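The basis for the numbers below is simple: all heavy atoms, side chains too, and nothing from hydrogens, waters or symmetry mates. What you are looking at is a predicted structure, and each value in this text was computed from that prediction instead of being measured.
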Amino acid sequence: MPKIKTRKAVAKRFKVTSKKKVLRRRSNQNHFNARQTSDKKREKRTDQIVEGKTAKNILQDINCL
């Protein structure tokens, strides 16, 4: 039986920690940031944890299960 291929688009967008937590970047940080408050900009610089079924599906796509 052949190996299961990793979905490269998913692997580039998400990071998996050593304890199998899935992290993603926050959205809407490309441009038009001058009008946002410093609190909002600082919040967007941190990664967000993906939870639930979505995280399980991502782990399957990256072959971490």
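Between Lys12 atom NZ and Thr6 atom OG1 the span is 12.0 Å, to the nearest 0.5 Å. To the nearest 0.5 Å, atoms CZ (Arg45) and CZ (Arg26) are separated by 12.0 Å. One finds the CD1 atom of Ile49 at 11.0 Å from the CZ atom of Arg24 (value rounded to the nearest 0.5 Å). Between atom CZ of residue Arg35 and atom NZ of residue Lys40 there is a gap of 14.0 Å, rounded to the nearest 0.5 Å. For the atom pair CD1 of Ile4 and CD1 of Ile62, the computed distance is 13.5 Å after rounding to the nearest 0.5 Å. In this structure, CG on Asn63 lies 12.0 Å from NZ on Lys5, to the nearest 0.5 angstrom.
Within the 4.5 Å cutoff, side-chain heavy atoms of Asp47 are placed close to those of Arg25.
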Do Asn57 and Gln60 pass the side chain to side chain contact (heavy atoms under 4.5 Å, CB included) test, and can you show the C-alpha distance, the side-chain angles, and the key distance before you say yes or no?
CA-CA 5 Å; Asn57 291 337; Gln60 284 179 344; 4.0 Å; yes
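Contact between Gln36 and Lys41 at its shortest, heavy atoms only, is O-CE, 3.6 Å. Nearest heavy-atom pair, Lys20 versus Val16, reported as atom, atom and distance to 0.1 Å: CA-CG1, 3.9 Å.
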